[in-house]
Novice: 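I have a structure here, written as structure tokens, and I will follow up with some questions on it.
Predicted model, so just to flag it, every value in this text is computed and none were measured.
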Amino acid sequence: MKQTRPAPDLWLVICIVSLLSIGIVMVYSAGAVLAFREHGDSFYFVKRQLLFAGLGLLAMFFTANVDYRIWRNYAKYVLILCFILLIIVLIPGIGVVRGGARSWLGISSFGIQPSEFMKLGMILFLAKWLSKDPAAIKNFTTGLLPPLGLIGLAFGLIMLQPDLGTGAVMLGASMLIIFTAGARMKHLMFLALGGVLGFAGLILAAPYRLRRITGFLDPWSDPLGTGYQIIQSLYAIGPGGLGGLGLGMSRQKYSYVPEPQTDFIFSILAEELGFIGGLIVLLLFLLLVWRGMRVAMTVPDAFGSLLGVGIVGMVAVQVVINIGVVIGLMPVTGITLPLISYGGSSLTLMLTALGILLNLSRYAR
């Protein structure tokens, strides 16, 4: 009799479906006013979110049922395709500029963001590369430098758009894979120092990034400029209190918090659902990360383990940056909240990656 594989981790499925459902409700609640004002349809954003959620769920179902070891064979080609798309998007007349960054490929309001796909492409390739010879990572020149070169090239192309937030998420997830693969601590400390100096250089090289830093340190120094988003976000979170103002009752979504359905959706959620609602969302993310890391630690091979770490790291880094920005602990970066924020390619990509994690859970001991 043919042996069937175990079902995916139930807790992971519950977390993904719960966060996605909360996100759909909050995209409507947070974006209805802006959608009606700009598009004449208060359901504009949520209808598109449902479309991309449906596509993402189909992709997740597919990847959850494809043996994760197959991706080892295609990792190189996926990465090459991602690099090609990152180059194409920089070509004037082809790449679409939105929010000051040439980050999109597409027609009209429909498009994809190649930098989002690079996050998963880099995770797949690093998992394959670093699992071939686990001892090689100990050598800086032959083991660590080549993958660092690829990461640096991808980060550089993303910064040419520019998109510091997405680049930071890719970099964070990639370094977590390298750490898990067994890189020497002295090498990592050296890289951390270089990274700090590099980020400082990027900030100083672009005046708008420097203004974001000063606006983050003292929002009230420029309340109508660089400090505006943080101030309005805190104005939303504060009145929410313990139980919130009630679903749909946000005041800050009325043209105060910019694009409330995307980067700052958590502030509207906290305003309407309060500390309890925000805590539930954070606990769901924490449970997802815990179960995901448990899968990564118990999967039977190094490739699967590094792949799981990278996917979980991508989610965790993105959540930390988004929430940190919303509550005023980090400068504004333009990062969405996974599964919650309105988004097309970002939502589809995240569900695709989580489908791979669900497939990994089928093989975990």
Novice: Go through the structure and list residues passing salt bridge (Lys or Arg N to Asp or Glu O under 4.0 Å) with Lys47, not counting sequence neighbours.
Specialist: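 Here the qualifying residues are Asp41.
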Novice: Please find the pair of heavy atoms, one from Ile151 and one from Ser174, that lie closest to each other, and give the distance.
Specialist: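 In this case the closest contact between Ile151 and Ser174 is CD1-CB, 3.6 Å.
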Novice: For the hydrophobic clusters of this structure (ILVMFWY residues joined by side-chain heavy atoms under 4.5 Å, transitively), does one cluster hold both Leu339 and Trp11?
Specialist: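 In one cluster: no.
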Novice: Quick one: list whatever passes salt bridge (Lys or Arg N to Asp or Glu O under 4.0 Å) with Arg69, sequence neighbours left out.
Specialist: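 With neighbours one apart ignored, the set is Asp67.
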Novice: Taking atom types as modelled, find out whether Glu271 and Gln252 have a side-chain donor-acceptor pair closer than 3.5 angstrom.
Specialist: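 Absent: no donor and acceptor within the cut-off.
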Novice: Tell me, yes or no, whether the heavy-atom count around Tyr228 atom OH, taken from other residues, nucleotides or ligands under 6.0 Å, exceeds 12.
Specialist: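 Enclosed.
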Novice: So if you build clusters from Ile, Leu, Val, Met, Phe, Trp, Tyr with side-chain heavy-atom gaps below 4.5 Å, do Ile14 and Leu283 land together?
Specialist: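 Unlinked, Ile14 and Leu283 end up in two clusters.
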Novice: Under 3.5 Å, side chain of Ser21 to main-chain N/O of Val17, donor-acceptor pair present?
Specialist: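 Pair found, side chain donor or acceptor close to backbone of Val17.
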Novice: Do the side chains of Leu287 and Val317 join up, straight or via other hydrophobic residues, at under 4.5 Å, putting them in one cluster?
Specialist: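 In one cluster: no.
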Novice: Does the side chain of Arg37 come under 3.5 Å of the side chain of Ser255 through a donor N or O and an acceptor N or O?
Specialist: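 A donor-acceptor contact under 3.5 Å links the two side chains.
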Novice: Is the closest side-chain donor-acceptor distance between Asn139 and Arg184 under 3.5 Å?
Specialist: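 No pair is found: no donor N or O on one side chain lies under 3.5 Å from an acceptor on the other.
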Novice: Would one find more than 12 heavy atoms of other residues, nucleotides or ligands at under 6.0 Å from atom CZ of Phe179?
Specialist: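 Count not over threshold, so no.
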Novice: Are the side chain of Asp9 and the backbone N or O of Leu358 linked by a donor-acceptor pair below 3.5 Å?
Specialist: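 No, Asp9 side chain to Leu358 backbone: no donor-acceptor pair under 3.5 Å.
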Novice: Restricting to non-hydrogen atoms, name the atom on Cys15 and the atom on Leu284 that form the minimum distance, rounded to 0.1 Å.
Specialist: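 Looking at all heavy atoms of both residues, the shortest contact is SG-O, 3.6 Å.
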Novice: In terms of side-chain geometry, is the basic nitrogen of Glu272 or Lys253 positioned less than 4.0 Å from the acidic oxygen of its partner?
Specialist: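 Yes, this pair counts.
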Novice: Main chain of Thr352, side chain of Thr63: is a donor-acceptor contact present, judged purely on distance under 3.5 Å?
Specialist: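 Yes, because the side chain of Thr63 sits within donor-acceptor range (under 3.5 Å) of the backbone of Thr352.
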Novice: Do you know the tightest heavy-atom contact between Met330 and Val320?
Specialist: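 Residues Met330 and Val320, closest heavy atoms: CE-CG1, 3.8 Å.
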Novice: Under a 3.5 Å distance rule, please check whether Ser346 uses its side chain to pair with a backbone N or O of Gly343 as donor and acceptor.
Specialist: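 Not at all, since once roles are kept as given, no pair shorter than 3.5 Å links the two residues.
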Novice: Side chains of Ser341 and Gln261 only: does a donor on one sit below 3.5 Å from an acceptor on the other?
Specialist: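 No pair is found: no donor N or O on one side chain lies under 3.5 Å from an acceptor on the other.
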Novice: Salt bridge check, Asp133 against Lys138: does any charged N sit closer than 4.0 Å to a carboxylate O?
Specialist: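 Salt bridge flag = no for Asp133 with Lys138.
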Novice: So, Ser345 and Glu116: side-chain donor and acceptor under 3.5 Å apart, yes or no?
Specialist: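 Checked: Ser345/Glu116 side chains show no N/O donor-acceptor pair below 3.5 Å.
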Novice: Report the residues that fulfil side-chain contact (heavy atoms from CB on, under 4.5 Å) with Leu58, sequence neighbours left out, ordered by chain and then residue number.
Specialist: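 Listed in chain order: nothing, the list is empty.
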Novice: Could you check whether the rings of Tyr28 and Phe43 sit parallel, tilted or perpendicular, using 30° and 60° as the cut-offs?
Specialist: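 Judged by the thresholds at 30° and 60°, the geometry between Tyr28 and Phe43 is parallel.
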Novice: Donor-acceptor pair, Thr166 side chain versus Asp163 backbone, under 3.5 Å?
Specialist: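 Absent.
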Novice: Between Asn322 (side chain) and Gln318 (backbone), is there a donor-acceptor pair under 3.5 Å?
Specialist: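 Checked: no pair found.
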Novice: Between Tyr68 and Tyr363, does the ring centroid distance fall short of 6.0 Å?
Specialist: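 Yes.
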